[in-house]
Colleague: 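The structure's right below; bear with me while I get my questions together.
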Protein chains: 2
Amino acid sequence: MQPFDALSEQHRDAILKARKRVIEAIGKNMDLYGVTLSVGHLYGMLFFSEKPMTLDEMGREMEMSKTSMSTGVRMLLDLKMVNKVWEKGARKDLYEAESDWHQTFADYFAIEWRKAVEANVGALNKSAAELRRLKEQTDGEESLHAVLDRDLEKIEGALAYYRWLDRFIDTLESGRIYELVPKDEP
Amino acid sequence: MQPFDALSEQHRDAILKARKRVIEAIGKNMDLYGVTLSVGHLYGMLFFSEKPMTLDEMGREMEMSKTSMSTGVRMLLDLKMVNKVWEKGARKDLYEAESDWHQTFADYFAIEWRKAVEANVGALNKSAAELRRLKEQTDGEESLHAVLDRDLEKIEGALAYYRWLDRFIDTLESGRIYELVPKDEP
DNA sequence: AAGAACGTACAGAAAAAACTGTACAAAGTT
DNA sequence: AACTTTGTACAGTTTTTTCTGTACGTTCTT
């Protein structure tokens, strides 16, 4: 028996209206995490859910197919915004929203931004090496070297930024960010 | 006369290949900034351009319509990833890539994340007020209050997070982040 | 003032993505 | 071992987004 269903219709509606506003807002802004409006909505629904939900329950509530719930939940799992919950003797998989949004934020950066850093740094280093090699092999060709130097300078600038971003992500991943910017207001 | 065009075909190709790898990588990861692959590619192209470019030049280089360049550049301008350049007596608008990626990163957060914070905090506060009002008007209804308290607690948790995020964005906006996580490696 | 060049609004076409229903493998129940 | 139940892969459909070509207002040139 769920506490929520026992309430009067009037009170239920009032609560649902309040929740809906928040869910809508969350869903709308979750594109910053690279997910669809509907996946964002799914997260918001899980956030207010009294208890962990099954795919079927989500589908019923969102009026969407189970397939969509499956893929949506998987995205949220990848982003660590949702946790799989174990319950004794439960046939179906259960999921609940991760409610520590600091952690969610930090994980997102650790996962997505680090991925981007690595890919870009890889490309930058490889290209820089090529350009440096070309420079060595063409001693004295002034106008070529002018172009090469400018490109190499740009690449070095980008690499410097990524070194910083990497260290910034470290602070998120390690939680050191909360020493630098404390959770409790000053 | 541009220095680049004066080079031998072999050298040009080598440089273009090196640039292309980086442009491709940048473009691919710019979805973190909420832009398309092609807009990301456009940024990468501008990043390596010897000089500011016109819409027509971009269209020629990207083999895309001028309309697309116009909308693409506007997006990049909104994200402050591209600057409009003034040149004496130039008919056409000229654009160049913002090469300070620290600034780009900070601006993105200031613009997009702050927008999300405000929208969500607004919704959370409004809903919290509604729920608190309902609570006051229903003194003694225990099971209702149990639900309300849980929702209010969740909302308060979210608000606490947004207060932190807001202060974090402040550090980006003010540049104080570079005191906390220095640009020069330790 | 007329003409040319530029950037963008807008509608339609093309491409990409989100979503669904069916089918099926894996795991659980009887 | 036969029968359910559950989650997901996959193909096809719908919806959304991206991209293009034309049209037009604005600005600059003459």
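No hydrogens, no waters, no symmetry mates; every other heavy atom, side chains included, goes into these values. In what follows, chains carry the letters A, B, and so on, assigned in the order in which the sequence lines appear, proteins first and then strands, with residues in each chain numbered from 1.
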Colleague: From the list D:dT20, C:dC19, D:dG7, which nucleotide is the closest neighbour of the side chain of A:S68?
Modeller: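 Within the option list, the nearest is C:dC19.
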Colleague: Atom CG in A:L124, atom CG in A:L159: separation rounded to 0.5 Å?
Modeller: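 One finds 4.5 Å between CG of A:L124 and CG of A:L159.
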Colleague: Could you write nucleotides 22-30 of chain C as a row of B, S and -, 5' to 3', where a protein heavy atom under 4.0 Å of any base atom gives B, of only sugar-phosphate atoms gives S, and otherwise -?
Modeller: B-----SS-
Colleague: Checking contacts here: which listed nucleotide (C:dG7, D:dT8, C:dC19) is nearest the side-chain heavy atoms of A:S38?
Modeller: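 Closest nucleotide to the A:S38 side chain: C:dC19.
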Colleague: Please determine whether salt bridge (charged side-chain N to carboxylate O under 4.0 Å, His left out) holds for the pair A:K135 and A:E130, giving the CA-CA distance in whole Å, both sets of side-chain angles, and the decisive distance to 0.1 Å.
Modeller: CA-CA 9 Å; A:K135 199 176 159 190; A:E130 278 180 16; over 6 Å; no
Colleague: Could you tell me the separation between the NZ atom of A:K84 and the P atom of D:dG7, rounded to a whole number of Å?
Modeller: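 From A:K84 NZ to D:dG7 P: 8 Å.
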Colleague: Answer yes or no: does a side-chain N or O of A:K66 lie under 4.0 Å from OP1 or OP2 of D:dT6?
Modeller: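 Answer is no, no contact under 4.0 Å.
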Colleague: Could you check how far CD of A:E57 sits from C1' of D:dG7, rounded to whole Å?
Modeller: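 Result: 15 Å.
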Colleague: Figure out the CE/P separation between B:M75 and C:dT8, and round it to whole Å.
Modeller: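 Rounded to whole Å, this separation is 13 Å.
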Colleague: Take the protein atom CE of A:M30 and the nucleotide atom P of C:dA18, then report the distance between them rounded to whole Å.
Modeller: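 Rounding to the nearest Å, CE of A:M30 and P of C:dA18 are 13 Å apart.
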Colleague: Roughly how many Å is it from CE in B:M64 to C1' in C:dA15, rounded to a whole number?
Modeller: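 Rounded to whole Å, this separation is 12 Å.
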Colleague: Salt-bridge test for B:E112 and B:K115: reply yes if a basic N is under 4.0 Å from a carboxylate O, no otherwise.
Modeller: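 So B:E112 pairs with B:K115 through a salt bridge.
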Colleague: By nearest atom, which of the nucleotides C:dC6, C:dA9, D:dT20 is closest to the B:R74 side chain?
Modeller: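 Of all the options, the side chain of B:R74 is nearest to C:dA9.
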Colleague: Out of curiosity, B:E57 CD to B:M45 CE, how far, rounded to the nearest 0.5 Å?
Modeller: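 Rounded to the nearest 0.5 Å, the CD-CE separation comes to 8.5 Å.
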Colleague: For B:R114, what residues pass the salt bridge (charged side-chain N to carboxylate O under 4.0 Å, His left out) criterion, not counting sequence neighbours?
Modeller: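 With neighbours one apart ignored, the set is B:D166, B:D170, B:E173.
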Colleague: Among C:dC6, C:dC19, D:dG7, which is the nearest nucleotide to the side chain of B:K92?
Modeller: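 My answer, after comparing the listed nucleotides, is C:dC6.
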Colleague: So what does B:T71 hit on the nucleic acid, given a heavy-atom distance under 4.0 Å: a base, only sugar-phosphate, or nothing?
Modeller: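 Answer is nothing: B:T71 stays at 4.0 Å or more from every strand.
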Colleague: Which whole-number value in Å describes the distance from A:H41 NE2 to C:dC19 P?
Modeller: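 Going from A:H41 (NE2) to C:dC19 (P), I get 12 Å.
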Colleague: Whole-Å distance between C:dT8 P and B:M58 CE?
Modeller: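 Computing the B:M58:CE to C:dT8:P distance gives 10 Å.
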Colleague: Here's one to test your reading of the geometry: is the NZ or CZ of B:R19 within 45 degrees of the ring axis of B:F4 and under 6.0 Å from its centre?
Modeller: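 Geometry flag: set, cation within 6.0 Å and 45°.
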Colleague: So which nucleotide from C:dC6, D:dA9, D:dG7 ends up closest to the side chain of A:S70?
Modeller: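 The answer is D:dG7.
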Colleague: Nearest-Å distance, CE (A:M69) to C1' (C:dA18)?
Modeller: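 In whole Å, C:dA18 C1' and A:M69 CE are 11 Å from each other.
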Colleague: Quick check against the 3.5 Å criterion: does B:D31 have a side-chain atom that pairs as donor or acceptor with the backbone of B:G34?
Modeller: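 It does not hold such a pair.
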Colleague: Select base, sugar-phosphate, or nothing to describe what B:T36 touches, counting heavy atoms under 4.0 Å on all strands.
Modeller: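 B:T36: backbone/sugar contact only, no base atoms under 4.0 Å.
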